[in-house]
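One structure, as structure tokens, below. Some questions next.
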Amino acid sequence: DVARSTVAYEQDILDGLHWLGIDWDEGPEVAGQPARGPYGPYRQMQRLEHYDAAAKKLLAQDKAYYCYCTREELDADRQAQEAAHQPPHYVGRCARLSAADRAAKEAAGVKAVVRFRVGEELVKFDDIVRGQVEIDTTALGGDLIIVRSDGTPLYHFTVCVDDAEMEITHVIRGEDHLSNTPKHILLFRAMGATVPQFAHLPLILNPDRTKMSKRKSQTAVADYRAQGYIPEAFVNFLALLGWSSGTEEEIFSLSELGERFTLERVQSGGAVFDKERLEWLNGQWIRKLSDDELTERAMPFLASAVAARGAAGEAVRTPTADDLAPLMPMVRERMSTLAGVGDMLDFLFVDDLRVEPSMLVPKKWDRATTLAALTAARQVIADVGEVSFEADELEAPLRQLAEERGWKVGDLFMSIRVAVTGKTATPPLFDTLVALGYERTLARLDAARAALEA
RNA sequence: GCCCCCAUCGUCUAGAGGCCUAGGACGCCACCCUUUCAAGGUGGAGAUCAGGGGUUCGAAUCCCCUUGGGGGCACCA
């Protein structure tokens, strides 16, 4: 459909498949690779002559005919049918036009569509996931239009012409096409082509169990990518919607899926897209990545989180992969999406961190205690000194400080944590301090003390 | 309205007549670990297998009906 298709949509689809790691032996070009396969071209707009030839052939055999009904006539038919509680269908007004009738319409300049004769029969087929399916062709809505009045072909027709010419053996698609299948079978038979095997997959559902839609759910692969989901997890998650291995394993890579997936084990009931489960799987797969791999993938998310704070008016330093790589061990099991690095580490790249004074005070403490604690902690850390500024060296003296003053370690550590990061949930404190560095740790403690005194 | 499909914990599912007093996973709740948050570990709540009839010695599993849900019926794909 020329009006609805754009190169941008096409690119989205190809990019999505490529990102997921899905490749093909035959089909259009992707990611710089040329199109491959003996039956190209693989774009319908470039195959118009094929559809045209197929339509002419059906016309010549009287398996299809020209129809001159106007939209007004068809609308009127439909309204009458609705009023009579009948299913919408084409009444067949032009099914038996004489040559003279046709000539008259043509002379009057009426543009014709091409309709395929549907006839009356019970079409049966053996669907790989659903088994035997039977549909009466009288329920199909009458003779169907295969070519528009402007000469362009319609979907049901194009897919059959393509599948026939490309010698497609298996048509695997969503359940929403199940009722359309008899139309396709009729078309294949009329063209003298072998009818392929069909497998109708369960639909992916919105939480309200309706067919997943843009309106109610996030449906673009690119959006999940942008939110920090990784393809390993996404593919795994999708595969588990309607399919299971039959064992209790559920973490599968694409290549494992390639070996183990069978249509026979696909379920027929629809499956709700459960984002929490996706998130869990994403965390599982993130934990499998190497530090380098994870650093590379997470880098853009850190950069944009920092940039966002910069845009909000804070003074920031742009992070580099060298900054991020050593931090990976302390954040990897804390992130369920790549975007998590932003929330956990952005504070490291803010130069003028300002913390709400009220936030600095731990729940069971008051302002004075907090000020005293931060002052004492600053002294202890300064005493450790720049040379020994390491996680192992910091922990013992700070614990000792808490004990001497009768403070709960958790409270003391929390006050330092907030003073230095502006957050209550962070990676382990001492690693965080080290990542921040000696100078900046002291500076932030001083800034926090000043804020409390103000 | 007509046609088609579907039906096991909230969700994803295992289950192809006895192994099921229905198993696993996500989520949830406890507890352990623990400086916060996670991760991890242990345990728990959670499904009279939509309901009703059959068939059978025996049914979540087979058949029928009902109910519920979904999808399809375009000069969209």
Side-chain angles (χ1 to χ4, degrees), chain A residues 1 3-5 44 67 69-71 74 78 81-90 111-115 127 129-130 133-142 144-156 158-159 174-183 200 202-203 205 207-211 237 240-251 267-281 283-284 287 330-336 340 343-344 362 395 398-399 402 408-418 421 423-430 432:
Chain A
D1 183 347
R4 277 179 34 161
S5 317
Q44 295 188 327
C67 169
C69 293
T70 62
R71 307 224 184 210
L74 296 174
R78 211 160 295 149
Q81 287 155 4
E82 199 171 318
H85 298 296
Q86 288 176 328
H89 62 278
Y90 178 58
K111 290 282 186 196
V113 299
V114 177
R115 280 188 191 269
D127 189 277
V129 340
R130 270 146 229 280
V133 178
E134 302 182 354
I135 297 177
D136 200 303
T137 57
T138 54
L140 263 35
L144 68 121
I145 299 177
I146 56 176
V147 180
R148 294 184 183 86
S149 52
D150 68 2
T152 58
L154 272 91
Y155 171 80
H156 293 303
T158 57
V159 292
E175 192 202 331
D176 46 352
H177 277 300
L178 192 60
S179 334
N180 291 323
T181 304
K183 293 177 187 170
H200 286 91
L203 258 22
L205 273 25
D208 66 2
R209 305 204 74 89
T210 55
K211 178 165 102 169
F237 173 72
L240 260 17
L241 251 29
W243 175 86
S244 69
S245 68
T247 70
E248 281 178 1
E249 302 160 87
E250 48 192 0
I251 307 289
Q267 282 218 300
S268 29
V272 173
F273 189 103
D274 179 5
K275 210 169 169 184
E276 306 227 47
R277 196 171 156 82
L278 203 213
E279 203 161 311
W280 171 75
L281 270 170
Q284 295 294 315
R287 271 159 239 140
M330 75 188 213
V331 296
R332 72 166 339 117
E333 73 249 24
R334 270 165 253 269
M335 52 200 277
S336 60
D343 302 330
M344 284 186 286
E395 182 161 357
L398 283 167
R399 277 184 187 280
K408 290 192 71 176
V409 262
D411 291 331
L412 173 63
F413 289 2
M414 182 54 84
S415 66
I416 301 171
R417 168 178 295 112
V418 176
T421 67
K423 300 169 197 279
T424 53
T426 69
L429 183 59
F430 308 109
T432 302

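To find a chain, count down the sequence lines: A is the first, B the second, and so on, and within it residues start at 1.
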**Asked** A:D208: what forms a salt bridge (Lys or Arg N to Asp or Glu O under 4.0 Å) with it, not counting sequence neighbours?
**Response** A:K216

**Prompt:** Given that both distances must come in under 3.5 Å, which nucleotide forms a Watson-Crick or G-U wobble pair with B:A59?
**Reply:**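 Answer to the pairing question: none, since B:A59 forms no Watson-Crick or G-U pair.
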
**Asked** Base, sugar-phosphate, or nothing: which does A:E134 touch, judged by heavy atoms less than 4.0 Å apart?
**Response**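 If one applies the 4.0 Å heavy-atom cut-off, A:E134 turns out to touch the sugar-phosphate alone, with no base involved.
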
**Prompt:** Quick one: does A:T181's side chain get under 4.5 Å of A:V133's, heavy atoms only?
**Reply:**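 No, their side chains stay 4.5 Å or more apart.
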
**Prompt:** For A:E279, what residues pass the salt bridge (Lys or Arg N to Asp or Glu O under 4.0 Å) criterion, not counting sequence neighbours?
**Reply:** none

**Asked** When the distance from CG of A:L398 to P of B:U35 is rounded to whole Å, what number comes out?
**Response**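 Going from CG in A:L398 over to P in B:U35 covers 13 Å.
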
**Message:** By the 4.0 Å heavy-atom rule, please label A:D176 as base, sugar-phosphate, or nothing.
**Reply:**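 Sugar-phosphate contact only - A:D176 comes under 4.0 Å of backbone atoms but never of a base.
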
**For A:T432 against A:P427, the heavy-atom pair lying closest together** = OG1-O, 3.2 Å

**Item:** Separation of B:C76 C1' from A:D150 CG (nearest whole Å)
**Value:**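 About 13 Å, once rounded to whole Å.
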
**Complete:** The Watson-Crick or G-U wobble partner of B:A16, with both key distances under 3.5 Å, is none

**Separation of atom CD in A:E82 from atom C1' in B:C3, rounded to whole Å** =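 One finds 16 Å between C1' of B:C3 and CD of A:E82, rounded.
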
**Prompt:** Under the 3.5 Å rule, do the base of B:C75 and the side chain of A:S149 count as making a donor-acceptor pair?
**Reply:** yes

**Item:** Heavy-atom side-chain contact between A:I146 and A:H156 under 4.5 Å
**Value:** no

**Pair A:R148-A:T152, side-chain donor/acceptor within less than 3.5 Å** = yes

**A:E250 and A:L281: CA distance, side-chain angles, deciding distance, side-chain contact (heavy atoms from CB on, under 4.5 Å) verdict** = CA-CA 9 Å; A:E250 48 192 0; A:L281 270 170; 6.0 Å; no

**Request:** Give A:R417 one of three labels, base, sugar-phosphate or nothing, depending on what nucleic acid heavy atoms sit under 4.0 Å from its own.
**Result:**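 Counting heavy atoms under 4.0 Å across all strands, the contact made by A:R417 includes a base.
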
**Prompt:** Given the C1' atoms of B:A14 and B:C76, what is the spacing between them in whole Å?
**Reply:** 39 Å

**A:M335 versus A:M344, closest heavy-atom pair with distance** =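 So the two residues come closest at CB-CE, 3.7 Å.
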
**Prompt:** Partner of B:G1 by Watson-Crick or G-U wobble geometry, both contacts under 3.5 Å, or none?
**Reply:** B:C73

**Request:** Indicate whether OP1 or OP2 belonging to B:C12 is found under 4.0 Å from a side-chain N or O atom of A:R209.
**Result:** yes

**Request:** Mark yes or no for a side-chain to base donor-acceptor pair under 3.5 Å between A:S179 and B:G71, with no hydrogen or angle criteria applied.
**Result:**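 Flag set: donor-acceptor pair detected.
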
**Item:** Side-chain donor/acceptor of A:R399 to base of B:U35, under 3.5 Å
**Value:** no

**Prompt:** Whole Å only: how far is the CG atom of A:L178 from the P atom of B:C4?
**Reply:**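 In whole Å, B:C4 P and A:L178 CG are 11 Å from each other.
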
**Request:** Could you tell me whether A:H200 contacts a base, only the sugar-phosphate backbone, or nothing, with contacts defined as non-hydrogen atoms closer than 4.0 Å?
**Result:** nothing

**Request:** Give a yes/no answer on whether the side chain of A:R148 brings an N or O atom under 4.0 Å of OP1 or OP2 in B:C76.
**Result:**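 Yes, because at least one side-chain N or O of A:R148 sits under 4.0 Å from OP1 or OP2 of B:C76.
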
**Asked** Which atoms form the tightest heavy-atom contact between A:V129 and A:H200, and what is the distance?
**Response**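 So the two residues come closest at CG2-O, 3.0 Å.
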
**Request:** Using a 4.0 Å heavy-atom cut-off across all strands, classify A:L281 as base, sugar-phosphate, or nothing.
**Result:**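 Since no nucleic acid heavy atom lies under 4.0 Å of A:L281, the category is nothing.
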
**Prompt:** A:E279 CD to B:U11 P: how many Å, rounded?
**Reply:** 19 Å

**Request:** Could you tell me the separation between the CG atom of A:L205 and the P atom of B:C12, rounded to a whole number of Å?
**Result:**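 Those two atoms, CG and P, are 8 Å apart.
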
**Beyond-backbone contact of A:F237 with A:W280, side-chain heavy atoms, under 4.5 angstrom** = no

**Request:** Scan A:L429 against the nucleic acid and name what it touches under 4.0 Å (heavy atoms): base, sugar-phosphate only, or nothing.
**Result:** base

**Request:** Look at all strands and tell whether A:P428 reaches a base, only sugar-phosphate, or nothing, counting heavy atoms closer than 4.0 Å.
**Result:**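 Result for A:P428 = base.
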
**Message:** Test of understanding: with salt bridge (Lys or Arg N to Asp or Glu O under 4.0 Å), list the residues that count as partners of A:K211, not counting sequence neighbours.
**Reply:**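 So A:K211 forms a salt bridge (Lys or Arg N to Asp or Glu O under 4.0 Å) with A:D176.
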
**Request:** Test for a donor-acceptor pair under 3.5 Å between the base of B:C37 and the side chain of A:R334, counting only N and O atoms.
**Result:**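 Checked by distance alone, the answer is yes.
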
**Request:** Can you tell me, in whole Å, how much space there is between the C1' of B:C63 and that of B:G23?
**Result:** 28 Å

Which pairs, protein N/O on one side and nucleotides 13-16 of chain B N/O on the other, fall under 3.5 Å?
unit_1: B:U13; atom_1: OP1; unit_2: A:G242; atom_2: N; d: 2.3
unit_1: B:U13; atom_1: O3'; unit_2: A:S244; atom_2: OG; d: 3.3
unit_1: B:A14; atom_1: OP1; unit_2: A:S244; atom_2: OG; d: 3.1
unit_1: B:A14; atom_1: OP2; unit_2: A:Q267; atom_2: NE2; d: 2.8
unit_1: B:G15; atom_1: OP1; unit_2: A:R265; atom_2: NH1; d: 3.1
unit_1: B:G15; atom_1: OP1; unit_2: A:R265; atom_2: NH2; d: 3.3

**Request:** Just call it for A:A425: base, sugar-phosphate, or nothing, with non-hydrogen atoms closer than 4.0 Å on any strand.
**Result:** base

**Message:** What contact category does A:H89 fall into here, base, sugar-phosphate, or nothing, at under 4.0 angstrom with non-hydrogen atoms?
**Reply:**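 If one applies the 4.0 Å heavy-atom cut-off, A:H89 turns out to touch nothing in the nucleic acid.
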
**Message:** Classify A:T424 by what it touches in the nucleic acid, base, sugar-phosphate, or nothing, heavy-atom distance under 4.0 Å.
**Reply:**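 A:T424: base contact, heavy atoms under 4.0 Å.
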
**Request:** For A:E175 and for A:E395, find the nucleotide of RNA chain B with the closest heavy atom, then tell me which residue's nucleotide is more 5'.
**Result:** A:E175

For nucleotides 25-27 of chain B, print each protein N/O atom paired with a nucleotide N/O atom at under 3.5 Å, atom names and distance only.
unit_1: B:A25; atom_1: O4'; unit_2: A:E250; atom_2: OE2; d: 3.1
unit_1: B:A25; atom_1: O2'; unit_2: A:E250; atom_2: OE2; d: 2.7
unit_1: B:A25; atom_1: O2'; unit_2: A:R277; atom_2: NH1; d: 3.3
unit_1: B:A25; atom_1: N3; unit_2: A:R277; atom_2: NH1; d: 3.2
unit_1: B:C26; atom_1: O2'; unit_2: A:R277; atom_2: N; d: 3.4

**Asked** Checking all strands, does A:F273 fall into the base, sugar-phosphate, or nothing category for heavy-atom contacts under 4.0 angstrom?
**Response**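 Answer is nothing: A:F273 stays at 4.0 Å or more from every strand.
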
**Request:** Output the single nucleotide from B:C3, B:C75, B:G71 whose closest atom is nearest the side chain of A:A139.
**Result:**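 Ranking B:C3, B:C75, B:G71 by closest atom to the A:A139 side chain puts B:C3 first.
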
**Spacing of the C1' atoms in B:G18 and B:A59 (rounded, Å)** =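 Here B:A59 and B:G18 have their C1' atoms 9 Å from each other.
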
**Asked** Mind checking the C1' distance from B:A16 to B:G51? Whole angstroms is fine.
**Response** 24 Å

**Asked** In whole Å, what separates the P atom of B:G24 from that of B:C32?
**Response** 24 Å

**Interatomic distance where CE belongs to A:M330 and C1' belongs to B:A38 [whole Å]** =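 The answer, rounded to whole Å, is 13 Å.
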
**Prompt:** Is there a Watson-Crick or G-U wobble partner for B:C26 with both distances under 3.5 Å, and which nucleotide is it?
**Reply:**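 For B:C26, the partner nucleotide comes out as B:G10, under the 3.5 Å rule.
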
**With sequence neighbours excluded, residues passing salt bridge (Lys or Arg N to Asp or Glu O under 4.0 Å) with A:K183** = none

**Message:** To the nearest 0.5 Å, what is the distance between OG on A:S336 and CG on A:L278?
**Reply:**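 Going from OG on A:S336 over to CG on A:L278, the span is 10.0 Å.
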
**Message:** Please pick, from B:G71, B:A74, B:A39, the nucleotide with the shortest atom-to-atom distance to any side-chain atom of A:P88.
**Reply:** B:A74

**Prompt:** Using the C1' atom in both, what is the distance from B:A47 to B:U11, to the nearest Å?
**Reply:** 13 Å

**Request:** Assign each of A:S268 and A:V113 to its nearest nucleotide of RNA chain B by heavy atoms, then name whichever residue's nucleotide is nearer the 5' end.
**Result:**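 Final value for this comparison: A:S268.
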
**Request:** Look at all strands and tell whether A:R287 reaches a base, only sugar-phosphate, or nothing, counting heavy atoms closer than 4.0 Å.
**Result:**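 It contacts sugar-phosphate atoms only.
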
**Request:** Starting from C1' on B:A74, measure out to CG on A:L154 and report it in whole angstrom.
**Result:** 9 Å

**Which nucleotide in B:C73, B:U35, B:U36 has an atom nearest any side-chain atom of A:M414** =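 So the side chain of A:M414 is nearest to B:U36.
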
